[in-house]
Amino acid sequence: MLIDGSPYGVATGPDDALWFTLVHEGRIGRVTPGMDPTIFQLDPADGRPTVIAAGVDGALWFTEFTGGRIGRITVDGTITAFETASPYGITAGPDGAMWFTQLQGDQIGRITPAGEITRYPLATEGAMPSMIVTGPDGALWFTLNQGNAIGRITLDGEATHYPLPTADAAPVGICAGPDGALWFVEIGAGQVGRIGTSGTITEFPLPDRAARPHAIVTGHDGALWFTQWGSGTLGRITTDGTIEEFPLEGAEPHGLTAGPDGLIWVAMESGALVRH
């Protein structure tokens, strides 16, 4: 599906539509598979909307890293913005709030549906917390891209860090897996990783170590699916470590989601949403 703009993040909404960010245009899009997209303009438009996620409140939440805002958009297109420095990853927490990473400044944040923000400083410096997800243990798990570690934070703000075995792995995407563990991708090392809630880490090297994996989700088939930004491909890994790769039309795949139609949808920054 061709998109007039540069899709970066994509999520499945509570309305069974695909919601996506247009990073360079400052817009949010909505599309039902097989239909024409609806585009919502942000004001101001220079915030570079990136990651988007469904909230527990029936709205979609997204980050504007450059603009220093977290946005909320209802399914009918009503937009609200809340100011906060350098947000990037965002996810629905188990407590009715959204949790996000502050890419610069080493903090994890929590924002309520009303916009009340609480920030939790991390005991790191320049670690670049990136993607974040709710784990099966009721805590939030996140990647530390420059800290070369996986982080865990409880609802009361107690954080733990788990260093990665591979140096300079630069983890980015993370998701809750179908096996009770967290799965993540290492853009610097060309690997997929798995971390149990006890902190045990296993790494799976990709066939192309220069593929630069970016984001990862659990598919409807019980496998993990991930984008490979460097090679322009889609990867699939089973929980026992079997890896497959599939070509994608276009370039620069970033976010992806398990769609309402049972397929995997990928946001291609070159101007398309591609399904597999």
Side-chain angles (χ1 to χ4, degrees), residues 8-9 21 23 47-53 62-70 84-91 99-110 117 119-135 139-154 157-176 181-195 199-206 208-217 226-231 235 252-256 269:
Y8 186 95
T21 58
V23 61
R48 293 179 64 85
T50 46
V51 179
I52 188 167
F62 57 93
T63 56
E64 293 184 83
F65 169 71
T66 301
R69 293 180 293 271
I70 289 176
T84 190
S86 63
Y88 182 71
I90 191 165
T91 193
W99 287 71
F100 63 93
T101 60
Q102 186 177 314
L103 196 64
Q104 299 171 348
D106 296 274
Q107 295 188 85
I108 301 297
R110 175 187 185 272
I117 295 176
R119 298 177 180 86
Y120 300 98
L122 301 175
T124 57
E125 184 175 349
M128 290 181 64
S130 301
M131 298 290 199
I132 187 168
V133 70
T134 295
L140 286 301
W141 291 75
F142 54 94
T143 53
L144 291 164
N145 179 261
Q146 293 301 296
N148 210 54
I150 303 300
R152 176 185 184 272
I153 189 167
T154 62
E158 182 181 348
T160 307
H161 300 156
Y162 301 94
L164 295 180
T166 301
D168 302 319
V172 182
I174 189 169
C175 73
L182 290 303
W183 288 74
F184 58 94
V185 288
E186 301 174 355
I187 197 170
Q191 298 185 133
V192 174
R194 177 190 185 274
I195 182 169
T200 302
I201 296 172
T202 308
E203 294 173 311
F204 302 92
L206 297 175
D208 179 4
R209 299 295 291 275
R212 299 189 67 78
H214 174 78
I216 186 168
V217 297
F226 53 97
T227 52
Q228 300 191 109
W229 179 85
S231 61
E252 299 188 54
H254 289 294
L256 75 171
E269 196 173 337

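Since this is a predicted model, take the numbers as computed values, not measurements.
- In this structure, the separation between CD1 on I153 and CH2 on W99 is 5.5 Å, given to the nearest 0.5 Å.
- Checked against salt bridge (Lys or Arg N to Asp or Glu O under 4.0 Å), R194 has the following partners two or more places apart in sequence or in another chain: D179.
- Closest heavy-atom contact between P121 and R119: CD-O, 3.7 Å.
- V192 is listed as a side-chain neighbour of I216, based on a closest heavy-atom distance under 4.5 Å.
- T202 places no side-chain N or O within 3.5 Å of a backbone atom of T200 that could act as its donor or acceptor partner.
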N/O donor-acceptor pairs under 3.5 Å from side chains in residues 102-109, not counting sequence neighbours:
| residue | atom | partner | partner atom | Å |
| --- | --- | --- | --- | --- |
| Q102 | OE1 | Q107 | NE2 | 3.1 |
| Q102 | NE2 | Q104 | O | 2.7 |
| D106 | OD1 | T124 | OG1 | 2.6 |
| D106 | OD1 | G126 | N | 3.3 |
| D106 | OD1 | A127 | N | 2.9 |
| D106 | OD2 | G126 | N | 2.8 |

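- Under the ring pair (Phe, Tyr, Trp, His ring centres under 6.0 Å) criterion, Y88 pairs with no residue, sequence neighbours left out.
- The aromatic rings of H161 and F142 stand perpendicular to each other, their planes meeting at an angle above 60°, with 30° marking the opposite boundary.
- For the ring pair (Phe, Tyr, Trp, His ring centres under 6.0 Å) test, residues two or more places apart in sequence or in another chain that qualify with Y8 are H214, H254.
- Minimum interatomic distance between P213 and F226 (heavy atoms only, all atoms of both residues): CB-CD1, 4.2 Å.
- Here E186 pairs with nothing under the salt bridge (Lys or Arg N to Asp or Glu O under 4.0 Å) rule; sequence neighbours left out.
- Contacts of F65 classified as ring pair (Phe, Tyr, Trp, His ring centres under 6.0 Å), with partners at least two apart in sequence or in another chain: none.
- Checked by atom type and distance alone, the side chain of R209 pairs as donor or acceptor with a backbone atom of A189 at under 3.5 Å.
- Pairing each heavy atom of F62 with each of P49, the nearest pair is CD1-CB, 4.2 Å.
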In a table with atom names and distances, give each donor-acceptor pair under 3.5 Å that connects a side chain of residues 162-169 to protein atoms at least two apart or in another chain.
| residue | atom | partner | partner atom | Å |
| --- | --- | --- | --- | --- |
| T166 | OG1 | Q191 | NE2 | 3.2 |
| T166 | OG1 | E203 | OE1 | 2.8 |
| T166 | OG1 | E203 | OE2 | 3.2 |

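- Looking at residues two or more places apart in sequence or on another chain, you find no side-chain contact (heavy atoms from CB on, under 4.5 Å) involving E125.
- Residues forming a side-chain hydrogen bond (donor to acceptor under 3.5 Å, both in side chains) with N148 (at least two apart in sequence, or on another chain): none.
- To the nearest 0.5 Å, the span separating CD on Q146 from CE on M128 amounts to 5.5 Å.
- Between A149 and P171, the shortest heavy-atom contact is O-CG, 3.7 Å.
- Distance alone, capped at 3.5 Å, is enough to place a donor-acceptor pair between the T143 side chain and the V172 backbone.
- Residues passing the side-chain hydrogen bond (donor to acceptor under 3.5 Å, both in side chains) test with T160, sequence neighbours excluded: none.
- For the atom pair CZ (F184) and CE (M131), the distance works out to 14.5 Å, reported to the nearest 0.5 Å.
- The distance from the CD1 atom of I174 to the OG1 atom of T101 is 11.0 Å, given to the nearest 0.5 Å.
- Contacts of R48 classified as salt bridge (Lys or Arg N to Asp or Glu O under 4.0 Å), with partners at least two apart in sequence or in another chain: none.
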For the pair V185 and W229, evaluate side-chain contact (heavy atoms from CB on, under 4.5 Å) and give the outcome as yes or no after the intermediate values. CA-CA 11 Å; V185 288; W229 179 85; over 6 Å; no
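- Partners of P87 according to the side-chain contact (heavy atoms from CB on, under 4.5 Å) rule, which considers only residues two or more places apart in sequence or in another chain, are T63, I70, T84, F100.
- The two atoms that bring A215 and G255 nearest to each other are CB-CA, 4.2 Å, heavy atoms only.
- Nearest heavy atoms, S231 versus D208: CB-OD2, 4.0 Å.
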